Structure formats: C-alpha cells, structure tokens
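Read through the structure below, which is laid out as structure tokens, and then see the notes.
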Amino acid sequence: MRAPLQGILQLGQDLKPKSLDVRQEELGAMVDKEMAATSAAIEDAVRRIEDMMSQARHESSGVKLEVNERILNSCTDLMKAIRLLVMTSTSLQKEIVESGRGAATQQEFYAKNSRWTEGLISASKAVGWGATQLVESADKVVLHMGKYEELIVCSHEIAASTAQLVAASKVKANKNSPHLSRLQECSRTVNERAANVVASTKSGQEQIEDRDTMDFSGLSLIKLKKQEMETQVRVLELEKTLEAERVRLGELRKQHYVLAGGMGTPSEEEPSRPSPAPRSGATKKPPLAQKPSIAPRTDNQLDKKDGVYPAQLVNY
C-alpha cells in the first residue's frame with residue numbers, strides 16, 4: 001500500500017498551487033511587497049509617458065502630434081486614477097487588518113486568510129503588469145511601430161485587473177467603511193479613464209487614416225505648388241466623370257419611366273388578348289349601373305308610358 005499512497009501524495013503536491021509553497025507567515029510581507037511593486041510600476045509608467053510626450057513634440061507635428069498628445073494624455077489620466085485606486089486599496093487593507101477579524105497580529109491575519117491574501121497578491125501583479133503593457137503599447141503607437149488595437153486591448157485588460165483588485169479588497173471590508181466607498185469611486189473613475197483611452201485611440205486611428213494626406217506641415221513651397229496642380233487636375237477629371245454619370249443617370253431614369261409606363265397600360269395592337277383571371281378572394285365588385293341621362297320634361301309632356309302621372313288635387 002505504500003507505493004500507491006506515495007503516488008497519491010505526489011499527485012497532491014503537483015496539484016498544489018505554486019503560491020502555497022510560500023510559508024503562511026510570509027504572505028503578509030508578500031502583500032506589502034506586491035502593492036509597493038505595483039505602485040512603483042505605475043510611477044514608472046507615468047514617467048515614461050511624460051518622456052514619450054516630450055519626444056513626440058520634438059519628432060512629430062500637425063495631425064500626428066495632435067493624435068499622440070491626445071492618446072498620451074488619456075493614458076496619463078488613466079495611470080493617475082490607477083495610482084489613486086492602489087493607494088486607496090492599501091488603506092482599506094490596513095483597515096481590515098487593524099480591525100483584527102479575530103487575529104492578534106498582521107501576520108496571523110494573513111495566515112488565517114491565506115486565500116484572500118493570495119487573491120490580493122494576484123490582483124496586484126495583474127495591475128502592475130497591465131500598466132507596463134499599456135505604456136509599451138502606447139510607446140509603439142507613438143513611434144508608429146505598433147497597432148492601435150493593442151493599446152485598446154491593454155486598456156480593457158488593465159480595467160479588468162483593477163476590478164479584480166477592488167473585488168479582492170472589499171471581500172472582508174466593512175460595508176460602512178469610508179475607504180470602501182472611496183475605493184468604489186476610484187474604480188468607477190478607472191473605468192471612465194480606460195474608456196477615454198479607448199475612445200481617443202479609436203478617434204486618433206480614424207484621424208490618421210483619413211487625414212494622413214492632409215498634413216502639409218513638412219512640405220516646401222515647390223512641393224505644395226506641385227501637389228496643388230495635381231489636385232486641380234484630379235478635380236477637373238472628377239467633375240467630368242461626375243457630369244457624365246449624371247447624364248447616364250438621367251437616361252436610365254428616362255428609360256425606366258418608359259418601361260414602367262408601357263407595362264402599366266395594355267397595347268392597342270393586341271385587343272384580343274384575354275385579361276388574366278382574377279385571383280380567388282381578391283375579385284373586384286362590378287361597376288355600378290349609372291342612370292341614363294334624360295332631359296327633364298314639363299308637366300304637359302309627361303306620358304303614361306314613362307310610368308309617371310300628373311298629380312291631381314281633390315277637394316273634400
């Protein structure tokens with residue numbers, strides 16, 4: 001029986017989550033460490049975005065500069081909102097631990113609630129990773145080496161990560177806690193800022209794709225004059241094509257009216273063609289017989305053949 005039991009024990013060890021390899025007394029230290037690492041990642045992300053902003057102002061201009069500034073500003077607002085959320089979440093966690101929940105020390109509380117602690121650690125790592133990925137995607141977009149869709153996906157991912165952190169933080173929180181109210185408000189702000197990043201990214205993408213040819217800031221006078229002449233030629237060609245298509249449209253409509261009129265009235269050359277039998281249930285009523293038009297007569301012209309007799313007055 002020893003061999004099968006050892007096999008079962010080995011399977012249990014393999015199925016055991018890797019985070020449980022850490023001793024429970026070290027979980028509290030890991031929570032503080034991960035929250036600090038998340039805050040540091042967000043601070044670094046804000047600094048990198050500011051550097052990208054200054055670099056974009058020197059290397060781009062016109063429409064591209066406007067789009068880059070709008071995207072980076074929305075990313076900066078999102079990072080500031082996430083930083084405030086992380087700080088509020090840390091304050092809420094300290095309040096939960098200080099309340100004790102029956103535990104004497106902070107280490108004992110984290111050890112007793114190891115699953116909750118692991119959820120906080122996982123959520124903190126996800127937020128820090130999402131912030132890093134968002135900045136890298138924004139950097140690629142500004143340098144025209146990345147895709148706008150990557151930045152949109154990162155915005156959704158970081159919003160989901162912060163929602164996970166909020167859910168893990170308020171599991172053991174008091175419903176009447178002011179820190180919990182502020183945390184929920186910060187969560188709504190993060191969602192709004194993430195939506196702003198998505199909106200600015202989509203509008204910037206459309207603006208770059210639609211108006212890339214309208215950016216003339218880097219052209220000289222000769223190149224501008226050349227493009228002006230080419231554009232005039234193109235306008236004349238398009239006007240000629242438009243006029244021809246209008247004439248064609250008029251002829252098509254005229255022919256359509258002719259065919260529609262010919263189909264609506266029977267031809268005089270085919271009087272003997274029988275009309276199609278009416279459908280059952282859809283027969284029309286026969287036309288009402290009209291009275292013959294007869295000129296009115298005077299009294300002396302009344303005839304008995306007409307069935308009309310003159311009135312006679314009788315005195316009684």
Side-chain angles (χ1 to χ4, degrees), residues 16-50 75-135 154-197:
K16 183 180 178 181
K18 300 301 180 182
S19 59
L20 295 181
D21 294 339
V22 182
R23 292 182 300 175
Q24 292 185 348
E25 56 268 17
E26 298 178 0
L27 288 176
M30 287 191 62
V31 171
D32 297 336
K33 181 180 178 181
E34 289 299 333
M35 295 300 293
T38 302
S39 300
I42 295 173
E43 293 290 343
D44 182 66
V46 173
R47 287 193 296 269
R48 288 183 59 184
I49 291 175
E50 292 177 353
C75 291
T76 302
D77 295 338
L78 176 59
M79 288 300 165
K80 292 180 179 179
I82 294 173
R83 178 173 56 186
L84 182 59
L85 183 140
V86 172
M87 294 172 58
T88 308
S89 176
T90 304
S91 301
L92 179 60
Q93 293 170 25
K94 291 180 179 180
E95 178 183 322
I96 294 173
V97 174
E98 290 175 358
S99 64
R101 297 294 184 182
T105 63
Q106 177 178 350
Q107 300 297 333
E108 291 177 355
F109 178 81
Y110 283 122
K112 183 179 179 180
N113 302 275
S114 58
R115 291 293 183 184
W116 174 72
T117 306
E118 291 166 6
L120 287 176
I121 294 173
S122 176
S124 300
K125 289 182 178 180
V127 171
W129 179 83
T132 304
Q133 293 297 318
L134 181 69
V135 173
C154 288
S155 301
H156 292 307
E157 184 66 26
I158 199 168
S161 300
T162 53
Q164 179 184 358
L165 179 61
V166 171
S169 299
K170 70 178 185 179
V171 167
K172 295 185 177 298
N174 187 359
K175 296 181 180 180
N176 299 323
S177 173
H179 293 289
L180 178 60
S181 300
R182 285 195 293 270
L183 181 63
Q184 292 174 344
E185 183 179 356
C186 291
S187 178
R188 289 190 292 268
T189 304
V190 168
N191 291 331
E192 293 176 358
R193 300 292 172 80
N196 290 337
V197 173

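FYI, side chains are in, hydrogens and waters are out, and symmetry mates aren't considered; it's all heavy atoms of this structure. These numbers come from a predicted model, not from an experiment.
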Separation between [atom1] of [X] and [atom2] of [Y], rounded to the nearest 0.5 Å:
X    : Y    : atom1 : atom2 : result
S161 : I82  : OG    : CD1   : 8.5 Å
T76  : E50  : OG1   : CD    : 6.5 Å
T132 : I42  : OG1   : CD1   : 9.0 Å
N191 : I158 : CG    : CD1   : 11.5 Å
L78  : T162 : CG    : OG1   : 8.0 Å
L165 : M35  : CG    : CE    : 5.5 Å

- Task: I would like to know whether V166 and S89 meet side chain to side chain contact (heavy atoms under 4.5 Å, CB included); could you show each step before the answer?
- Result: CA-CA 7 Å; V166 171; S89 176; over 6 Å; no
- Query: Any sub-3.5 Å donor-acceptor pair from S122's side-chain atoms to G119's backbone N or O?
  - Reply: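 Checking the backbone N and O of G119 against the side chain of S122, no donor-acceptor pair under 3.5 Å is found.
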Shortest non-hydrogen contact from [X] to [Y]?
X    : Y    : value
L120 : Q93  : CD2-NE2, 3.6 Å
H179 : T88  : O-CG2, 3.6 Å
L134 : S155 : CD1-OG, 3.8 Å
C75  : I49  : CB-CD1, 3.8 Å
S124 : T38  : O-OG1, 2.8 Å
L92  : S169 : CD2-O, 3.8 Å

- In terms of side-chain geometry, is the basic nitrogen of E185 or R182 positioned less than 4.0 Å from the acidic oxygen of its partner?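 No salt bridge links E185 with R182.
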- Assess whether side chain to side chain contact (heavy atoms under 4.5 Å, CB included) is satisfied between L85 and S187, documenting all intermediate values. CA-CA 7 Å; L85 183 140; S187 178; 4.1 Å; yes
